[in-house]
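Below is one structure, written out as structure tokens; the observations come after it.
Here is how names work: the chains are called A, B, and so on, in the same order as the sequence lines, proteins then strands, and each is numbered from 1. The structure presented is a predicted model; accordingly, all values stated were derived computationally and were not measured.
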2 protein chains.
Amino acid sequence: MARLTLEDVGALAGVSRSTVSRVINNAASVRPEVRARVEAVISQTGYVPNAAARSLVSNRTGVIGLVIPSHVSNLFEDPYFARLIQGVTSGAKQISSTLTLFLFESEEEEREVSPRVVESGFLDGVIVTATRPGNSLMRKIAATDLPLVAIGRPGIDGIPYVDVDNRAGAFRAARFLREKNYVRCGFIGGPENTSTGEDRLAGFIDGLAEFGTALPNNLRAFGDFSEGSGYTAMSELLDHSPDAVFAASDGMALGAIRRIQDAGLSIPQDIAVIGFDGFTKAETAQPPLTTLRQPVSATGSKAVEMLHQILRDGSDSVQPEILPVELIHRASA
Amino acid sequence: MARLTLEDVGALAGVSRSTVSRVINNAASVRPEVRARVEAVISQTGYVPNAAARSLVSNRTGVIGLVIPSHVSNLFEDPYFARLIQGVTSGAKQISSTLTLFLFESEEEEREVSPRVVESGFLDGVIVTATRPGNSLMRKIAATDLPLVAIGRPGIDGIPYVDVDNRAGAFRAARFLREKNYVRCGFIGGPENTSTGEDRLAGFIDGLAEFGTALPNNLRAFGDFSEGSGYTAMSELLDHSPDAVFAASDGMALGAIRRIQDAGLSIPQDIAVIGFDGFTKAETAQPPLTTLRQPVSATGSKAVEMLHQILRDGSDSVQPEILPVELIHRASA
DNA sequence: CAACGCGTTAAGAGCGCTCTCTCGACTTTT
DNA sequence: AAAAGTCGAGAGAGCGCTCTTAACGCGTTG
């Protein structure tokens with residue numbers, strides 16, 4: 001059977017196309033009895049409005065984009081993105097939108113696809129994640145009038161964003177370690193040119209400073225959030241005998257644990273370890289990892305919520321949101 | 001500035017709307033000199049055709065859906081899906097389509113969203129993954145005329161699908177263990193009502209049978225592919241003293257390794273372990289995991305390719321594709 | 001030189017929907 | 001009881017595009 005149109009449904013219900021349209025859009029000015037008749041026909045026939053026709057005239061597609069830039073493509077296996085996508089999906093469901101994913105694997109791809117993404121009117125708005133300050137993709141999107149929400153502090157003013165309180169979390173980690181009287185606290189950070197990397201470093205330094213402690217350069221090492229990079233970074237730190245380490249991701253913390261154990265040292269007796277993320281793999285680690293749990297899924301749904309608000313009320317109405325992180329105390333520190 | 005239309009571009013180039021349309025769609029019958037003039041205007045103005053208007057008339061949206069049913073939502077953090085999504089995305093890029101994600105968290109959601117997914121004409125086709133035989137969502141989609149490709153053997157006849165050769169992989173694992181003279185080979189399987197679960201079990205049994213060995217019931221245990229479930233399943237097997245174990249996922253293999261080590265036994269001396277997946281976490285395990293590497297990303301892009309072929313040539317033209325898996329020999333077996 | 005064919009372009013219709021405008025029927029007001 | 005307002009529903013326009021059809025110039029042919 002060919003697909004039904006509004007006109008067909010109207011004919012079947014003995015009303016005009018306009019009336020059926022009104023019923024579907026829950027508009028007023030339809031007698032309850034007529035409405036019921038139309039609804040009956042709709043549910044019997046299984047009529048579903050044509051999305052393209054609808055958005056052609058309404059300029060709304062019910063589609064939001066989630067943009068994941070190329071520089072994280074190798075990190076995409078990190079559960080972070082899975083959770084984020086789950087959060088965004090569930091947020092999208094709330095506002096009866098669907099999610100389209102823009103996953104770039106090279107900067108070249110970013111350049112090519114961008115006009116199509118942005119200009120075709122195919123999207124109601126986009127969420128850009130894993131930004132690095134000055135990311136060109138974000139800058140380009142921001143330059144258009146496509147509604148935009150960033151996940152993580154964007155490098156550009158005036159862009160609404162959701163972030164977790166990386167700074168407070170790292171601060172908390174430092175305080176926790178100092179209160180337990182660890183005196184040589186090391187740090188394994190994420191990439192320095194990311195807001196997440198910067199904030200977790202800054203928060204940790206501040207937290208130590210609260211106790212009059214500094215973070216010497218030789219107790220800092222950096223990775224890319226992955227377990228392998230944590231292992232390598234820990235090797236560096238080991239030369240300077242820390243008695244505790246705060247890693248800016250659970251993955252790196254796990255790498256660090258492995259490195260420490262490979263050195264024949266035990267956790268937390270010789271070196272305490274704290275991670276950041278709160279993923280399941282932190283629970284089942286040996287020893288279970290003390291970590292700062294960030295609400296990843298909530299970040300995703302919050303971003304959708306903000307986007308929805310912008311779509312409704314305009315972008316002036318929204319403020320950045322900073323979601324709290326929580327210290328989970330387990331055996332590793 | 002308001003968005004340009006074909007008409008505007010035509011006016012700027014001194015031609016009609018139709019000609020501009022022809023240029024954009026690379027149709028014949030446009031004089032090179034006119035084409036150049038139009039293209040110049042397009043690139044100067046940054047004109048991008050309106051997606052909704054386009055698909056209203058052409059009945060093509062350039063959007064394909066990836067459906068991930070509810071029963072795996074708790075497994076979504078498994079790198080499998082990340083890789084699959086990467087594969088699908090890159091396949092979609094090849095055919096200049098975009099990917100929309102349908103991620104369900106409950107069966108109720110599956111029911112509600114399904115008409116919208118399927119009937120609105122919003123999708124050119126869908127890829128349904130992680131199917132269980134008789135999955136109602138798949139059945140429902142198959143009943144419509146929306147082009148469909150399954151990932152993993154679907155329970156329904158006539159549906160084109162891509163799968164990895166689970167059976168041959170498991171067969172290979174059995175042969176590998178028997179050739180190394182392990183005599184009490186245990187099995188940790190996935191959910192029994194999944195095609196993946198079934199095939200890996202059947203292949204393993206066949207492989208053992210090749211050497212005249214049976215797989216007794218007390219050397220079989222089942223999990224849900226997750227690490228925790230592997231740990232639990234291994235506990236059961238331990239009571240029946242296997243000297244080798246084949247786990248139907250790397251996650252479960254890692255859980256099994258942990259369980260074996262917790263029992264004070266060593267790998268592979270006391271018990272050999274083989275996994276299935278070939279994910280990075282298998283490499284960095286202690287000991288590194290021997291496993292069957294399946295081409296997940298390729299599975300995703302292959303599925304898109306098949307869908308594209310169906311879109312072009314009709315669904316009669318495609319045959320199921322079974323992608324090979326590869327034994328990666330490491331220290332655990 | 002009229003008739004024809006061909007390549008190139010314009011004009012027009014129409015995809016399925018939303019939204020404004022209008023009109024008719026009915027209710028309220030004075 | 002007539003004028004005014006209110007509500008319900010239909011007719012029509014038009015969103016921006018593709019595709020069919022028609023027209024137009026030009027060279028070729030009998």
- Task: Determine the contact category for B/Asn25: base if any of its heavy atoms lies under 4.0 Å from a base atom, sugar-phosphate if only primed atoms, P, OP1 or OP2 are that close, otherwise nothing.
- Result: sugar-phosphate
Decide yes or no for [X] and [Y]: does some side-chain heavy atom of the first lie under 4.5 Å from some side-chain heavy atom of the second?
X        : Y        : result
A/Leu307 : A/Pro147 : yes
B/Asp163 : B/Leu323 : no
A/Arg35  : A/Thr19  : no

- Between the two end axes of the helix from C/dC1-D/dG30 to C/dT30-D/dA1, each built from 5 base pairs, what angle do you get to the nearest 10°?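 Here the helix ends are tilted 60° relative to one another.
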- Task: Check each of B/Val41, B/Ile24, B/Val38 against B/Tyr47 using the side chain to side chain contact (heavy atoms under 4.5 Å, CB included) test, and report the only one that passes.
- Result: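 Checked B/Val41, B/Ile24, B/Val38 against B/Tyr47; only one passes side chain to side chain contact (heavy atoms under 4.5 Å, CB included): B/Ile24.
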- Do B/Asn25 and B/Arg54 have side-chain atoms, one donor and one acceptor, less than 3.5 Å apart? yes
- Task: Could you tell me whether B/Lys302 and B/Glu305 have a side-chain N and a carboxylate O separated by less than 4.0 Å?
- Result: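 Salt bridge: yes.
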- Query: Rounded to the nearest 0.5 Å, what separation is found between the CG atom of A/Leu12 and the CG atom of A/Leu4?
  - Reply: 7.5 Å
- Among pairs that include at least one residue of residues 81-118 of chain A, which meet ring-ring contact (aromatic ring centres under 6.0 Å, His included), considering only residues two or more places apart or in two chains?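 Residue pairs passing ring-ring contact (aromatic ring centres under 6.0 Å, His included), neighbours aside: A/Phe76-A/Phe81.
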- Message: Measuring to OP1 and OP2 of D/dT18, would you say a side-chain N or O of B/Ser21 lies under 4.0 angstrom away?
- Response: yes
- nucleotides 5-16 of chain C: protein proximity per nucleotide (B base, S sugar-phosphate only, - neither; heavy atom, under 4.0 Å): ---BBBBBB-BB
